[in-house]
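What follows is one structure encoded as structure tokens, with my remarks underneath.
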Amino acid sequence: MCCPSSESSAPFWPASSQGPRERVPKVATYNVNSIRARFERLLAWLAREQPDVVCLQEIKVTEDEFPRMELEAAGWHAAIHGQRTYNGVAILSRNPLDDVQPGLGDDANDPEARVLSGRLGALRVVSVYVPNGQVVGSDKWTYKLDWLRRLRGYLERTGSPEEPLVVCGDLNVAPEDRDVAFPAQWLGSVLTHEAARAALRDVAAWGLADAVRRHHPDGPGPFTWWDYRMLGFPKGDGMRIDHILATRPLVERCTGAYVVREERKGKQPSDHAPVVAVFQDL
DNA sequence: ATGGTTGCTTAGCAA
């Protein structure tokens with residue numbers, strides 16, 4: 001009937017995207033670890049999974065190197081915040097994104113491409129690649145903790161916990177020990193350190209809830225990342241560091257959330273698996 | 001106890 005874009009009261013998903021049956025909009029996040037290395041696998045997974053919107057991290061290309069044409073041929077719109085060699089985030093969507101904004105928009109003048117947001121109807125989508133931190137105590141570690149503080153500031157400035165909003169991505173933090181297959185081995189690492197956990201909790205305290213944990217209340221897992229090194233996947237040495245966080249009114253309508261562990265198997269997998277959440281009545 | 005992998009870029013870094 002009407003345009004999906006302008007009104008905050010508009011449905012999350014435009015009528016034109018709705019099939020004969022009621023749509024159950026699907027949001028996904030996937031650290032592809034180079035979109036060039038993962039392109040064929042990504043296309044095949046998108047065709048099977050049929051999400052409505054997909055947040056990508058570690059695309060490792062600038063916008064001009066991004067395979068936009070090939071994705072458009074497969075029916076995807078793409079918003080890109082690219083970077084050569086490292087980092088880089090994108091959002092793929094069946095319908096075009098509005099209000100696309102790269103970066104945290106603070107005055108830090110940060111050269112690293114780690115966040116991109118856009119809007120689909122009333123839903124705001126934020127694709128995030130939190131710094132890894134490398135080694136506790138290093139400059140990169142300080143940057144990680146500071147970046148998480150800046151992310152909290154970004155949400156305060158640009159969003160509202162009352163609106164339907166998702167923060168999706170590789171947050172490089174396993175929030176609790178049950179998010180780690182072998183917590184003793186990872187004690188005090190950059191992914192499990194209490195300071196990183198506290199910084200992520202402070203981001204969530206703005207008004208975000210963990211969609212996947214809601215649907216997997218016990219753990220351990222489900223895990224989303226297994227290190228290439230030390231043969232983490234065959235050893236079952238996984239961690240849950242990729243997340244879909246939703247504002248409270250939105251997470252109430254999350255009817256399912258899962259990790260696509262199959263995507264970590266087979267030929268040339270990313271070290272991460274995709275994470276998916278479905279929402280009702282959007 | 002140790003080492004092990006992958007991607008980008010080309011020997012070193014990042015994860």
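Below, read A as the first sequence line, B as the second, and so on, with proteins coming before strands; counting in each chain starts at 1. Heavy atoms only: backbone and side chains are in, while hydrogens, waters and symmetry mates are out.
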### Message
Check this for me, if you would: do A:D99 and A:R124 make a salt bridge, where the nitrogen-to-carboxylate-oxygen distance has to be below 4.0 angstrom?
### Response
no
### Task
Return yes when atom CD of A:E262 has more than 12 non-hydrogen atoms of other residues, nucleotides or ligands closer than 6.0 Å, and no otherwise.
no
### Task
Please list, by residue number, the residues of residues 175-188 of chain A whose heavy atoms come closer than 4.0 Å to an atom of DNA chain B; answer none if no residue qualifies.
none
### Query
With respect to A:Q57, which candidate in A:D242, A:N172, A:T29, A:N33 satisfies the side-chain hydrogen bond (donor to acceptor under 3.5 Å, both in side chains) definition?
A:T29
### Task
Output yes when A:E65 and A:K60 qualify as a salt bridge under the 4.0 Å nitrogen-oxygen rule, no when they do not.
no
### Query
Under 4.0 Å: is that the gap between some side-chain N or O of A:R38 and OP1 or OP2 of B:dG7?
yes
### Query
Can you tell me how far C1' in B:dA15 sits from the matching atom in B:dG4, rounded to whole Å?
14 Å
For nucleotides 12-15 of chain B, tabulate all protein N/O to nucleotide N/O atom pairs closer than 3.5 Å, reporting atom names and distance.
residue: B:dA14; atom: OP1; partner: A:K140; partner atom: NZ; Å: 3.1
residue: B:dA15; atom: N7; partner: A:R229; partner atom: NH1; Å: 3.2

### Task
Could you measure between the two C1' atoms, the one in B:dT10 and the one in B:dA14, and give it in whole Å?
15 Å
### Query
To the nearest angstrom, how far is A:M230 atom CE from B:dT2 atom P?
13 Å
### Task
Could you check how far NZ of A:K235 sits from P of B:dT5, rounded to whole Å?
10 Å
### Query
Taking for each residue the nucleotide of DNA chain B bearing the nearest heavy atom, is the 5' side occupied by A:I59 or by A:L231?
A:L231
### Query
Should A:R229 and A:D271 count as an ion pair when the cut-off is N to O under 4.0 Å?
no
### Task
With sequence neighbours excluded, tell me which residues meet salt bridge (charged side-chain N to carboxylate O under 4.0 Å, His left out) with A:R248.
none
#### Entry: Side-chain ion pair, A:R48 and A:E263, N-O less than 4.0 Å
yes
### Query
With distance as the sole test, does A:R150 use its side chain to make a donor-acceptor pair with the main-chain N or O of A:G105 at under 3.5 Å?
no
